[in-house]
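Notes follow the structure.
Chain letters run A, B, ... following the sequence lines, proteins first, then strands; residues in each count from 1. Side chains are part of it too, since the values below use all heavy atoms of this structure and drop only hydrogens, waters and symmetry mates.
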Number of protein chains: 2
Amino acid sequence: MKGRDKAAPARPTQKDIALAAGVSQAAVSLVLNKSETPSVPPATRTRILEVAEGLGYRPNHPARMLRSARTMTLACVIPDITNPFYPGLVRGLQTIAAPAGYDVLIFDTDGRPEREARAIDWLLQGRADGVVATFFHLRVPQLAVLARKGIPLVRLESRHKPDGPLAIDSVYIDNAEAAAEMTRLLIARGHRRIAMIQAEFGPSQRRAQGYGAVMREAGLTPDFITDSAYSEESGARAMTRLLERKGDRPTAVFGASDVLALGAMEAARNAGLSIPNDIAIAGFDDIPVAKLLGLTTVRQPEFDLGALAAETLVRRLQPGGLATPGRSHELKFEIMTRSSV
Amino acid sequence: MKGRDKAAPARPTQKDIALAAGVSQAAVSLVLNKSETPSVPPATRTRILEVAEGLGYRPNHPARMLRSARTMTLACVIPDITNPFYPGLVRGLQTIAAPAGYDVLIFDTDGRPEREARAIDWLLQGRADGVVATFFHLRVPQLAVLARKGIPLVRLESRHKPDGPLAIDSVYIDNAEAAAEMTRLLIARGHRRIAMIQAEFGPSQRRAQGYGAVMREAGLTPDFITDSAYSEESGARAMTRLLERKGDRPTAVFGASDVLALGAMEAARNAGLSIPNDIAIAGFDDIPVAKLLGLTTVRQPEFDLGALAAETLVRRLQPGGLATPGRSHELKFEIMTRSSV
DNA sequence: TTCGCTTAGTTATACGTATTACTAAAGCAA
DNA sequence: TTGCTTTAGTAATACGTATAACTAAGCGAA
């Protein structure tokens, strides 16, 4: 009894082709994989190819993986597919991966530690050759196992990481400096009471650092408000809490991500406030809708980050590529000034 | 010479565990897979488990797939990850798939025929046990091969499909009726010149039918404008073309998807028009930002569609599940009346 | 004739796992 | 003692592929 129902006819294998073409399975494998086969004359070659075509042969991927220990697949591990920041990243990845012969698969961790661990597990099972990832919870010690088992990792980081001996690279924009610049912009516009909406994990920390440093430099008091996730609900909740305050209501709110800022905008509007007159709002990421909503934000070159990550991985997967030390690549951010500030 | 660099230590296999624990590989496999092993006493069992843990053993997925012909993976084939409609669908899928032991992988076709074909190829290689998909180009004849090879497919459809003998199911909302209702709403609001922005492929057709039927019923002339894709650029381009017209400019525009409607909104605003006073805009999908932007639209229960699709697949993948005829499941849409109309 | 080379393949094996069929040893009853 | 049952495993095999190692036949050269 097979795993599949008997109702489903088995997919043809090389053995079937060999049988039908009157050759051995090895000959079939040879013809199917090499463009030049000195030991198989053109006539036989053509016959084999025709039979394969006729039977609708598709290589069995698991078998091929088992044999060659290569999946020709790159994984992209992200914390939240519903966050519009990531699709652009994936697009960048695909643009480089596809011509290099790699498929891209997306693994969504939901930003939860146990699902991040599951992703590692999944990778250790040999289901992808390399991975681009954003982990909120796991740190280098837990990730090192990937590199040690020969699976290169490119992390989407929030700052420069020192080079390390392992095959762990990173791509990033300087999140602290970007947040600092945005904070300076808000101060330059005359704001003194500026609050920052943070999330518990992820890049929020670095952004908060940049904001905090500039605030203190300017003699102002950083005003952090933290909610759990990078979601509109979190942003709206945080804004509602800010608006409930008596007296020292902020005149500007800096969301640690666009999604948070969007939630904040909605809450502000629901409270009858006009943006930016009653309250200014800034974000981080420049997701596609930011433009539509006129949100002033920090542009991350998501597509380029993805493309660079893919290039790095493809290079790592070439022979000997795992030996070079891990590097950190910086890309430039840009402040997008729109109407919300 | 292995496929992996020699720098990378091989992942431990059952053989390694067997060696270290002084038993046979078969015993290891038994212990690792069955909760009850009559032929292995508790002491040995514990020892094997400890050794496995100590070595950091992870099952080799390809090998397991090869042996058991099951991947415990569901694929989700979508035309565009940057369209915010799909993430919700994926979430719905995952919610059902995860507890049933299935991982979900996302395959992005970019709405292009050749990449849709590649997805089929990919599936025929045995890389997933079942698939939820939206195909813009491939039709049942091309898809039937999946069902024939024992890979159940749930299509995200735009209308009822008659039951068929193959293991191809579908989930849908009645797109024609939904579009009809939205069109009635626009007419009820006093609009007479209502244009519809369409895309070339995909669910746009059915939506156009519903719109067209109601327009004609009301004695009005359907006014279609088609652009290539479901993107903001397409929507903006179409709107720009509409606005360039002399004389018979529409007073309302119905986008065949929210993304199209959003693009149209932006173009209208850039042209200095106020919404809904100068021009009313309606969409279709109810993506998350629709609420933020006050877009009147048709709500598709994306999460429920995903969950239902996953349930259907999981059922299909139970023994004998492939034998039952393909069914079509309808879910309800809802008109979300906001400020853009 | 014998040797070597080319042609056209074939045979055998390994990858890691799951499972079926088998077995050696011990224990116990008759 | 023999025969049977239980215990505690092991040996063998198959999944489909890729590849290294081999070979049989034919031909030309020395």
Exercise. Sequence neighbours left out, what passes side chain to side chain contact (heavy atoms under 4.5 Å, CB included) with S29(A)? Give chain and number order.
Key: Q14(A), Q25(A), N33(A)
Quiz item: Heavy atom of residues 16-31 of chain A under 4.0 Å from DNA chain D: which residues?
Solution: Q25(A), A26(A), S29(A), L30(A)
Quiz item: Rounded to the nearest 0.5 Å, what separation is found between the CG atom of D169(A) and the OG1 atom of T312(A)?
Solution: 5.5 Å
What does the list of N/O pairs under 3.5 Å between the protein and nucleotides 23-27 of chain D look like, with a distance for each?
none

Quiz item: Does V104(B) reach the side chain of V132(B), with side-chain heavy atoms less than 4.5 Å apart?
Solution: no
Quiz prompt | Test item: R58(B) side-chain N/O and Q125(A) main-chain N/O as donor-acceptor pair under 3.5 Å | solution = no
Pairs: protein N or O with nucleotides 21-26 of chain C N or O, under 3.5 Å:
none

Quiz prompt | Atom pair CD1/CG of I151(A) and L313(A) - distance to nearest 0.5 Å | solution = 11.5 Å
Exercise. State whether R64(A) places a side-chain N or O below 4.0 Å from either non-bridging phosphate oxygen (OP1 or OP2) of dG16(D).
Key: no
Quiz prompt | H137(B): side chain to side chain contact (heavy atoms under 4.5 Å, CB included) partners, not counting sequence neighbours | solution = P113(B), E116(B), F201(B)
Quiz item: Distance from R67(B) atom CZ to R64(B) atom CZ, nearest 0.5 Å?
Solution: 12.0 Å
Quiz item: Which nucleotide sits closest to the side chain of T13(A): dG16(D), dA18(D), dT17(C)?
Solution: dG16(D)
Quiz item: Is the shortest heavy-atom distance from the side chain of L308(B) to the side chain of D304(B) under 4.5 Å?
Solution: no
Quiz item: Is it true that E36(A) and K34(A) have a side-chain N and a carboxylate O under 4.0 angstrom from each other?
Solution: no
Quiz item: Among all residues two or more places apart in sequence or in another chain, which pass the side chain to side chain contact (heavy atoms under 4.5 Å, CB included) test with A117(B)?
Solution: none
Exercise. Please state how far atom CG in N60(A) lies from atom C1' in dA14(D), giving the value in whole angstrom units.
Key: 13 Å
Exercise. Rounding to 10 degrees, work out the angle separating the end axes of the helix from dT1(C)-dA30(D) to dA30(C)-dT1(D) (five pairs an end).
Key: 80°
Exercise. Check every strand shown and say whether P59(A) touches a base, only sugar-phosphate, or nothing at a heavy-atom separation below 4.0 Å.
Key: sugar-phosphate
Quiz item: Hey, are the side chains of F135(A) and L143(A) touching, using non-hydrogen atoms and a 4.5 Å cut-off?
Solution: yes
Practice problem: Output yes when R91(A) and D108(B) qualify as a salt bridge under the 4.0 Å nitrogen-oxygen rule, no when they do not. | Solution: yes
Quiz item: With T46(A), which residues qualify under side chain to side chain contact (heavy atoms under 4.5 Å, CB included), at least two apart?
Solution: E50(A)
Exercise. Specify the separation, in whole Å, of atom CZ of R11(A) and atom P of dT17(D).
Key: 11 Å
Quiz prompt | d(NZ, K15(B); C1', dA18(C)) in whole Å | solution = 16 Å
Quiz item: What distance separates D80(A) CG from F136(A) CZ, expressed to the nearest 0.5 Å?
Solution: 8.0 Å
Quiz item: Under 4.0 Å between a side-chain N/O of R67(A) and OP1 or OP2 of dG16(D), yes or no?
Solution: no
Self-check item: From I48(B) atom CD1 to Y57(B) atom OH, the distance as rounded to the nearest 0.5 Å
Solution: 12.0 Å
Quiz item: Out of curiosity, T82(B) OG1 to L89(A) CG, how far, rounded to the nearest 0.5 Å?
Solution: 13.0 Å
Self-check item: Stretch residues 32-57 of chain A: residues that reach within less than 4.0 Å of DNA chain C through a heavy atom
Solution: S39(A), P41(A), T44(A)
Exercise. Measure the distance from CG on L66(B) to C1' on dA14(D) and round it to the nearest whole Å.
Key: 9 Å
Self-check item: Partner set under side-chain hydrogen bond (donor to acceptor under 3.5 Å, both in side chains) for Y86(B), not counting sequence neighbours
Solution: none
Quiz item: Of the residues in residues 117-125 of chain B, which ones touch DNA chain D at a heavy-atom distance under 4.0 Å?
Solution: none
Exercise. Measure the distance from CE on M65(B) to P on dG16(D) and round it to the nearest whole Å.
Key: 13 Å
Quiz prompt | R118(B), CZ atom: more than 12 neighbouring heavy atoms under 6.0 Å | solution = no
Quiz item: Rounded to the nearest Å, what distance is computed from the CZ atom of residue R70(B) to the P atom of nucleotide dG16(C)?
Solution: 24 Å
Practice problem: Could you pull out all residues at least two apart from E53(A) that satisfy salt bridge (Lys or Arg N to Asp or Glu O under 4.0 Å)? | Solution: none
